[in-house]
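The structure appears right after this line, and notes come after that.
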Amino acid sequence: MREPILCFGHSHMVALRAGHLWRVRHGEAAADDMEFVPLNDPPCQLRTVLVEGRRELAPDLVEHVSTLLAGCRPKAVVLLVTGNEHNILGLFRHPDTPAPPDVDWPESGLPLAEGRDRVPADLLFAEMQNQLDRANFRFCRWIAGQVDCPLVIVGPPPPIVDEAHIRAHPGVFADRMDKLEIAPADFRHKLWRIDARLRQDLAAELGAAFVPAPAAAITDLGLAERLRGNDPTHGNQEYGRMLLADVLAALAAARTEESA
């Protein structure tokens with residue numbers, strides 16, 4: 001029976017997979033060391049349904065992933081589920097705000113800019129938590145109960161600061177790019193920090209390792225220029241290589257802890 005590192009996720013998983021393929025090409029890994037399972041399309045699409053008034057994971061998703069797990073003995077499970085919540089919430093400035101927004105979050109140690117429309121951090125934490133709980137965290141909690149192996153939750157990449165890059169590579173946000181103003185970089189940075197904090201809290205709840213964006217990938221308020229993908233939100237292959245190194249290090253640490 002195969003024993004891969006099994007990865008589930010959405011678009012942010014592409015960079016991690018690119019990092020793995022680089023290692024394979026350079027003789028540092030075997031192709032089947034890792035398996036990548038996109039959660040974008042049926043029957044493995046991450047979605048929920050109402051069952052007797054309760055929201056649950058879609059049965060076809062549960063059946064598909066359960067069959068997949070029964071057919072292998074994963075060395076670890078790595079979760080890069082969704083990851084754009086902070087961009088959906090705050091890439092653009094809402095047209096009705098009286099001034100560019102900023103997050104009032106004293107505990108973060110991040111400064112509050114003058115002349116901004118102050119948004120309480122508690123409000124944004126609650127909204128982000130609500131978005132993540134709908135399907136993402138529901139899936140993470142479910143799969144944690146299905147496996148007996150190390151579990152890793154990976155944080156999303158930091159935002160891209162450069163507005164010119166975002167507008168030149170609008171990706172899935174193209175329909176809004178010409179209509180809305182891009183939110184200030186410091187606001188987007190704080191939203192990303194909130195997103196990462198909530199994923200870290202979930203990892204602690206599940207006894208999983210949390211792997212944040214690599215520290216070396218972050219400059220000032222966002223993703224280092226050399227690590228940007230050709231879209232407004234993702235990292236490239238080099239970012240994926242850096243992230244994969246951190247994931248593998250977290251798994252090695254988990255194995256050491258288990259054997260101690």
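Residue numbers start at 1 and run along the sequence shown.
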Do Leu79 and Val152 belong together in a cluster built from hydrophobic side chains that touch within less than 4.5 Å?
-> no
State plainly whether the residues Lys75 and Glu3 are in salt-bridge range, i.e. N to O under 4.0 Å.
-> no
Are Val154 and Val247 close enough that some pair of their side-chain heavy atoms sits under 4.5 Å apart?
-> yes
For Thr48, the option from Arg138, Arg134, Arg55 that meets side chain to side chain donor-acceptor pair (under 3.5 Å) | Arg55
Verify the distance criterion only: is there a donor paired with an acceptor across the side chains of Gln129 and Asp133 at less than 3.5 Å?
-> yes
Are Leu16 and Val14 linked, directly or through other ILVMFWY residues, by side chains that come within less than 4.5 angstrom of each other?
-> no
Compare all side-chain heavy atoms of Leu223 with those of Pro159 and state whether any distance is below 4.5 angstrom.
-> no
So, do Phe139 and Phe8 have ring centers that fall under 6.0 Å from each other?
-> yes
Minimum heavy-atom distance Ile218-Pro158, with the two atoms named = CG1-CG, 3.9 Å
Quick check: are there more than 12 heavy atoms from other residues, nucleotides or ligands sitting under 6.0 Å from CG of Asp175?
-> yes
Honestly curious: do Val78 and Phe36 fall in one hydrophobic cluster under the side-chain, below-4.5 Å linking rule?
-> yes
Check whether any side-chain heavy atom of Pro4 lies under 4.5 Å from a side-chain heavy atom of Asp32, and answer yes or no.
-> no
Determine whether Cys44 and Pro38 make a side-chain contact, defined as any pair of heavy atoms from C-beta on separated by less than 4.5 Å.
-> no
Parallel, tilted or perpendicular: ring planes of Phe125 versus Trp105, cut at 30 and 60 degrees | perpendicular
Give the minimum heavy-atom separation between Ser11 and Asn84, together with the two atoms involved.
-> OG-ND2, 4.4 Å
NZ/NE/NH1/NH2 to OD/OE distance under 4.0 Å, Asp102 and Lys190 | yes
Given Leu191 and Asp195, is the side chain to side chain contact (heavy atoms under 4.5 Å, CB included) satisfied, shown in steps?
-> CA-CA 6 Å; Leu191 285 180; Asp195 191 333; over 6 Å; no
Got a donor-acceptor contact below 3.5 angstrom from the His169 side chain to the Asp231 backbone?
-> no
So if you build clusters from Ile, Leu, Val, Met, Phe, Trp, Tyr with side-chain heavy-atom gaps below 4.5 Å, do Leu151 and Leu132 land together?
-> yes
Less than 4.5 Å apart, any side-chain heavy atom of Val37 and any of Cys7?
-> no
Atom of Leu57, atom of Val49 and distance for their closest heavy-atom approach | O-CG2, 4.2 Å
Mark yes when over 12 heavy atoms from residues, nucleotides or ligands other than Glu63 sit less than 6.0 Å from its CD; otherwise mark no.
-> no
Side-chain donor or acceptor of His26 paired with backbone N/O of Trp22 under 3.5 Å = yes
Please check if the side chain of His86 supplies one atom and the backbone of Met128 the other of a donor-acceptor pair under 3.5 Å.
-> no
Heavy atoms, side chains only, cut-off 4.5 Å: are His20 and Val24 in contact?
-> yes
Would His12 and Leu243 satisfy side chain to side chain contact (heavy atoms under 4.5 Å, CB included), going step by step from the backbone distance to the final call?
-> CA-CA 11 Å; His12 291 299; Leu243 186 63; over 6 Å; no
Can you tell me if Arg23 uses its side chain to pair, donor with acceptor, with the backbone of Glu28 under 3.5 Å?
-> yes
Nearest-0.5 Å distance, CZ of residue Arg47 to CG of residue Asn40 = 13.5 Å
Quick check: are there more than 12 heavy atoms from other residues, nucleotides or ligands sitting under 6.0 Å from CD of Glu114?
-> no
If you measure from CZ on Arg176 to CZ on Phe92, what distance do you get to the nearest 0.5 Å?
-> 5.5 Å
Indicate if Leu91 and Val103 have the same hydrophobic cluster label, given that clusters are the connected sets of ILVMFWY residues with side-chain heavy-atom separations under 4.5 angstrom.
-> no
Could you tell me the separation between the CZ atom of Phe187 and the CG atom of Leu124, rounded to the nearest 0.5 Å?
-> 5.5 Å
How many angstroms lie between atom CD of Gln45 and atom CG of Asp60, to the nearest 0.5 angstrom?
-> 8.0 Å
Smallest separation among heavy atoms of Pro157 and Ala213, with atom names = CA-CB, 4.4 Å
Rounded to the nearest 0.5 Å, the CD1 atom of Ile143 sits from the CG atom of Leu206 at a distance of 11.0 Å
Asp117-Thr97 side chain donor-acceptor pair, cut-off 3.5 Å = no
What's the shortest heavy-atom distance between Arg199 and Gly155, and which atoms?
-> CD-CA, 4.3 Å
Test item: Cys149 and Val77 side chains (from C-beta on) under 4.5 Å apart, heavy atoms = yes
What do the steps show when you test Asp201 against Arg197 for salt bridge (Lys or Arg N to Asp or Glu O under 4.0 Å), and what is the final call?
-> CA-CA 6 Å; Asp201 290 347; Arg197 173 75 66 81; 5.4 Å; no
Aromatic ring proximity Tyr239/His234, centre distance under 6.0 Å | no
What closest approach, in Å, do Ala203 and Phe210 show between heavy atoms, and which atom pair accounts for it?
-> CB-CB, 3.8 Å
Is the shortest heavy-atom distance from the side chain of Val65 to the side chain of Leu61 under 4.5 Å?
-> yes
If you link ILVMFWY side chains whenever their heavy atoms are less than 4.5 Å apart, which other residues fall into the same cluster as Leu221? By chain and number, please.
-> Val161
Sole candidate of Leu180, Asn87, Ile182 that passes side-chain contact (heavy atoms from CB on, under 4.5 Å) when paired with Phe173 | Asn87
Contacts satisfying side-chain hydrogen bond (donor to acceptor under 3.5 Å, both in side chains) that involve residues 216-226 (not counting sequence neighbours) are Arg226-Glu238
Thinking salt bridges, do Asp186 and Arg116 make one under a 4.0 Å N-O criterion?
-> yes
Which pairs, with at least one residue in residues 150-173 and sequence neighbours excluded, count as a salt bridge (charged side-chain N to carboxylate O under 4.0 Å, His left out)?
-> Asp162-Arg228, Glu163-Arg167
Go through Ile166 and Met177 one step at a time and tell me if the side chain to side chain contact (heavy atoms under 4.5 Å, CB included) criterion holds.
-> CA-CA 9 Å; Ile166 295 171; Met177 201 62 70; 3.7 Å; yes
Which is it for Leu6 and Leu69 under the side chain to side chain contact (heavy atoms under 4.5 Å, CB included) test, yes or no, and what are the steps along the way?
-> CA-CA 9 Å; Leu6 201 53; Leu69 292 173; 3.7 Å; yes
Would you give the length of the straight line joining atom CG of Leu80 to atom CE of Met13, rounded to the nearest 0.5 angstrom?
-> 7.0 Å
Would you say His10's side chain and Leu39's backbone share a donor-acceptor pair under 3.5 angstrom?
-> yes
